[in-house]
Trainee: 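Before I ask anything, here is the structure I am working with.
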Amino acid sequence: IPTSKLRFLGVFKEEKQPTGGLYSTTQPVGFTDLTYEPTALPYTSKGEVKVINLLYATTEWSLNEHYQIGVGLGGPLGILTTQRARWSLSPLIHVGVSNKMLYVPLVQSFGERLALLGDVHAMLTISTSHRFLSIGTGLLYDNTSLDGTAWAHRMALGVQLSKRWTVYTEALMVLTKERRFRRNNLVLLPTLNAALSIRRHRWNFGIATVQEEGLNFLPPPIPYVGYSYYW
């Protein structure tokens with residue numbers, strides 16, 4: 001081969017697909033949060049945009065492998081902010097804390113107090129995003145009401161069926177106070193979901209309902225569609 005025609009000589013190696021890890025975009029992003037329940041699993045992206053039924057929309061940024069903050073719209077009510085922290089005690093045991101805070105301008109216009117509603121709780125997640133159980137407990141708060149706090153317990157269970165499909169269920173149990181009789185009142189909010197993940201995109205399909213103690217009427221399940229984009 002004439003050296004004048006020799007333009008490049010190099011060593012070629014077979015490219016390998018990443019097997020996971022933080023910020024991988026060639027593989028579907030692992031589950032770190034579900035429809036409305038967060039988990040304590042490690043973050044798998046630098047950030048995400050989440051939209052549910054064109055009402056709930058947030059953008060969240062992972063500051064590092066432990067901390068995440070976000071801002072968005074909580075439906076027609078107001079401005080939503082999120083703050084979360086997570087730590088892995090072992091490859092299969094993860095703990096974290098989460099706070100969602102909603103500022104409601106409409107309520108603010110009727111009173112002098114800053115109208116804030118929120119959900120603060122601690123959580124424990126066992127296993128990985130392929131198969132996990134997540135439980136948590138905390139408080140729902142509303143600073144515009146005298147009885148503005150309520151205990152809220154939650155559980156989520158998920159299984160990855162294939163590279164792209166995951167099924168999961170969530171349940172939120174709220175113990176409120178009925179002001180007239182000053183007793184606890186139980187409200188249960190379960191969901192059943194399926195998610196399709198393709199690289200940095202995820203589509204969620206599910207149904208949700210609500211059941212309140214003392215009411216014989218069971219509302220029909222409400223369908224919803226969600227979309228998330230990760231970077």
Trainee: Checking Arg154 side chain against Gly138 main chain: does a donor-acceptor pair fall under 3.5 Å?
Mentor: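 Judged by distance alone, no pair lies under 3.5 Å.
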Trainee: Indicate the ring-plane relationship of Trp87 and Tyr67, choosing parallel, tilted or perpendicular according to the 30° and 60° boundaries.
Mentor: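 The rings of Trp87 and Tyr67 stand perpendicular, inter-plane angle above 60°.
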Trainee: Tell me if the CH2 atom of Trp61 is crowded by more than 12 foreign heavy atoms within 6.0 Å.
Mentor: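 Enclosed.
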Trainee: Counting only heavy atoms not in Met173 (residues, nucleotides, ligands), do more than 12 fall under 6.0 Å from its CE?
Mentor: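 Counting other residues, nucleotides and ligands, CE of Met173 exceeds 12 neighbours.
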Trainee: Is it true that Asp33 and Arg84 have a side-chain N and a carboxylate O under 4.0 angstrom from each other?
Mentor: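 Judged by the 4.0 Å cut-off on N to carboxylate O distance, Asp33 and Arg84 do form a salt bridge.
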Trainee: So does Thr169 get a backbone contact from the side chain of Thr191, meaning a donor-acceptor N/O pair under 3.5 Å?
Mentor: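 No.
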Trainee: Is a side-chain donor or acceptor of Glu170 paired with a backbone partner of Thr35 at a separation under 3.5 angstrom?
Mentor: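 Between the backbone of Thr35 and the side chain of Glu170 there is a qualifying donor-acceptor contact (under 3.5 Å).
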Trainee: Would you check if there is a donor-acceptor pair between the side chains of Glu37 and Ser134 at a distance under 3.5 Å?
Mentor: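 The answer is no; no qualifying pair exists.
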Trainee: Decide yes or no for Asn185 and Glu212: does some side-chain heavy atom of the first lie under 4.5 Å from some side-chain heavy atom of the second?
Mentor: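 When only atoms from C-beta onward are counted, Glu212 and Asn185 do touch, with a gap below 4.5 Å.
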Trainee: Where do Phe31 and Leu41 come nearest, in terms of heavy atoms and distance?
Mentor: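 So the two residues come closest at O-CD1, 3.1 Å.
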Trainee: So, the side chain of Arg202 versus the backbone of Val29: is there a donor-acceptor pair under 3.5 Å, distance only?
Mentor: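 Judged by distance alone, yes, a pair lies under 3.5 Å.
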Trainee: With distance as the sole criterion, is a donor-acceptor pair present between the side chains of Thr81 and Gln83 under 3.5 Å?
Mentor: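 The answer is yes; a qualifying pair exists.
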Trainee: Between Asn64 (side chain) and His66 (backbone), is there a donor-acceptor pair under 3.5 Å?
Mentor: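 Checked: pair present.
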Trainee: Hydrophobic clusters here meaning ILVMFWY residues chained together by side-chain heavy-atom distances under 4.5 Å, can you tell me if Val187 and Leu140 are in one?
Mentor: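 Linked, Val187 and Leu140 end up in one cluster.
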